[in-house]
Asks: 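My questions all concern the structure below.
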Amino acid sequence: MIFKLAFKNILGYGWRSLINVFIIALVLIGLIWMEGMWFSWLNLAKTQSTQWEFGGGLLRVKSYDPYDVFALEHSHAPIPAQAGNLVASGEIVPVLFSPAVIYPGGRMQNAVVKGIPSQQSLLRFPSQALMPTEANPYPAIVGKTMAKSAQLQEGDAFTIRVKDSSGAFNAVDLQISQIMDCPVPSLDQGTVWMDLQALQDLKQLPGMATTLALRDQSLASVASPEFKLIPPNEFFADLNQMVKTKASGQASLFVMMIFLAMLAIFDTQALAIFKRRREIGMLSALGMTKARIILLFTTEGALYMLGATVLTAVMGFPLFWYFARIGFSLPKGYDSFGVAGFNEALKFVYPLPLILFTLMLMFLLTVFVSWLPARKIARLMPTEALRGK
Amino acid sequence: MNKQIVQIKAMSKAFPTGEGEFLALKDINLSFESGEFSGIVGPSGSGKTTLLNIIGSLDVQSGGEVCVLGHQVKELSARESAALRSQKIGFIFQTYNLLPVYTVFENVEFPLLLLKMTKAEREQAVLKALDWLGLSDKQKSRPAQLSGGQCQRVAIARAMVKNPALVLADEPTANLDTENSLHILDSMQKLNRELGTTFIFSTHDQKVINYLRRVIRLVDGRVESDDLQAGV
């Protein structure tokens, strides 16, 4: 009976109910869209980091500390002998890191130089451009951000200087063979890429590497004591942290949107309930118990949410579908705001648990803002409610 | 002799005010028998509505005893007084208090929903009540589409549909013109005569007073007179 009465009331209040349902639906669409974007962004960033750097697993020398530039000079170890065949077959990709000074256009700039085998195909990195040619015996790749900061263009040559294993400084002229559009900032910013063999020669570190990217984690058994396996959660710790930081901003927006929705429901529900005091008094006079009166108004709130969920599905479907299929591209230069960027359209994924959580949260809040004023008015003596005071 | 359905003994009602309390009803001693067509009359502020509310268990007295249909009003819990109102008492208010989003049929049907009657039983009772009040052609209308007189007739149908033992009518003609008032009063008198329903009015409208068989005058919260009207 209560459900039927509440449904009848909602239909009876026509436009007011529709506006209420519409506002809740808009907020739901906004919240689901936002959650889809953040979830997909994190997913894409992880996928791209995996494809460009992590592979199926990553071994890293124990002495490497990404936050200590001075440790970088010594962060290398011999590629394990048992990995030799796997390196040759491309199952394992060794990468050597070294601090360097570059001289683009006669200017001096600190950088990190990384050597990667030019024949590798395990990582998505465009290493084929590092294949030496007659015209360009020392090719180099930089990312767009690095190219911009060092004012380098394709074909530009610059000197690079590194310290070799004996402590002497060696230098060579590199020529930019490709400026890559790299979605992983750590592979772009302040980094120059060259062929592994060429860097090992320059550093006089034959057979040395800083990291070993594996096709799959089972290959980690080849690791020598100098290398340790980096678990995905450690590798993605920075990314997760960054997302967490950004998420706090998102949370404020989330709360603000929910607050606006609640304000809308409060306006139509709570104020309407106060306006309907006389009606509540009459229901009481007709013999409706307080509990039933509260239940009636709370059910109305729940029905608003139910209507909003249906409307969200109807109104939101084209939008959700568009962003899932066509995707969303960030404007150029978005990376410069310090966000891990992506160079392809972000196709949204809408995780079911998050959507269910949002719906449940909105449902509980809607029911709460309906229950609260109804409870207050139902506590009045029927005579007071009938007077509308 | 008819059965006594309301007994009031040494009843008083006080309302708290900023400085202390205001005694709205003082030492009320009354009883009503079933089938009465009575009215509590008096000027505004004399305590008519307060007395009616207490009889209807919408409010409780501060002192004395009020027994309605065998129940001590003060001893009833909120749930019990709701059950008493739902099953045995009908209310008619000056401002009709119809539920605006419901049709005439649904408004009249509402008290029966609380009594958990079947759909067929409800439909039969509602149509009968609407027929009694001459509203059969208005059952699909909403209150906003009706005149004041029609709204009040819907309110009477709603009060009568469950065949209550007692109907309490608080200034039922206050918002109506003479013609509608007389029509309403005729309807209620007919219901009283043919169904034996007890009516207690609160009014200061002479038109209503002319219809009453018993007139109880309240002045400043006290019963000044309690007379049977000859020839009514």
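Every heavy atom of this structure was used, including side-chain atoms; hydrogens, water molecules and symmetry mates were not. Just so it is clear: chains get the letters A, B, ... in the order the sequence lines come, proteins before strands, and each one is counted from 1.
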Asks: Look up atom CG in B:Leu185 and atom CG in B:Asn192, then write down how far apart they are to the nearest 0.5 Å.
Replies: 12.0 Å
Asks: So, taking the atom named CG in B:Leu25 and the one named CG in B:Asp220, what distance separates them when rounded to the nearest 0.5 Å?
Replies: 11.0 Å
Asks: Does anything in residues 145-173 of chain B reach chain A? List residues with heavy atoms under 4.5 Å apart, or say none.
Replies: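 At a heavy-atom separation under 4.5 Å, chain A is reached by B:Arg158, B:Lys162.
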Asks: Going by the angle between their ring planes, with limits at 30° and 60°, are A:Phe323 and A:Trp33 parallel, tilted or perpendicular?
Replies: perpendicular
Asks: At under 4.5 Å between heavy atoms, what parts of residues 49-67 of chain B are in contact with chain A? List them by residue number.
Replies: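 Residues of residues 49-67 of chain B touching chain A at under 4.5 Å: B:Asn53, B:Leu58, B:Asp59, B:Val60.
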Asks: Answer yes or no: is there a donor N or O on one side and an acceptor on the other, between the side chain of A:Ser17 and the main chain of A:Ile10, under 3.5 Å?
Replies: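 Judged by distance alone, yes, a pair lies under 3.5 Å.
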Asks: Indicate yes or no for a side-chain donor-acceptor contact from A:Ser284 to the backbone of A:Ile280 under 3.5 Å, with no hydrogens or angles considered.
Replies: no
Asks: Tell me if a side-chain donor or acceptor on B:Lys48 pairs with a main-chain N or O of B:Leu218 at a distance below 3.5 Å.
Replies: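 A pair under 3.5 Å: no.
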Asks: Report yes if the side chains of B:Thr95 and A:Arg278 come closer than 4.5 Å at any heavy-atom pair, otherwise no.
Replies: yes
Asks: Give the C-alpha distance, both sets of side-chain angles, the deciding distance and a yes or no for ring pair (Phe, Tyr, Trp, His ring centres under 6.0 Å) between B:Phe37 and B:Phe201.
Replies: CA-CA 8 Å; B:Phe37 202 74; B:Phe201 292 82; 5.1 Å; yes
Asks: Please step through side chain to side chain contact (heavy atoms under 4.5 Å, CB included) for the pair A:Leu361 and A:Leu31, ending with a clear verdict.
Replies: CA-CA 11 Å; A:Leu361 182 71; A:Leu31 290 176; over 6 Å; no
Asks: Please state whether the side chain, the backbone, both or neither of A:Arg292 comes within less than 4.5 Å of a heavy atom of chain B.
Replies: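 The side chain, not the backbone.
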Asks: Between A:Leu303 and A:Asn9, is any pair of side-chain heavy atoms under 4.5 Å apart?
Replies: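 Heavy-atom side-chain distance check fails, nothing below 4.5 Å.
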Asks: So what's closer than 4.5 Å to chain B heavy atoms on A:Met288: side chain, backbone, both or neither?
Replies: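 Backbone plus side chain of A:Met288, per the 4.5 Å heavy-atom cut-off to chain B.
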Asks: Identify which part of A:Leu11 has an atom lying under 4.5 Å from any heavy atom of chain B, answering side chain, backbone, both or neither.
Replies: neither
Asks: Which of residues 96-122 of chain B get closer than 4.5 angstrom to chain A, counting heavy atoms alone?
Replies: B:Asn97, B:Leu99, B:Pro100, B:Val101, B:Tyr102, B:Glu106, B:Phe110, B:Pro111, B:Leu113, B:Leu114, B:Lys116
Asks: Restricting to pairs with a member in residues 369-380 of chain A, which pass side chain to side chain donor-acceptor pair (under 3.5 Å), not counting sequence neighbours?
Replies: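 Listed once each, the pairs are A:Gln269-A:Ser370.
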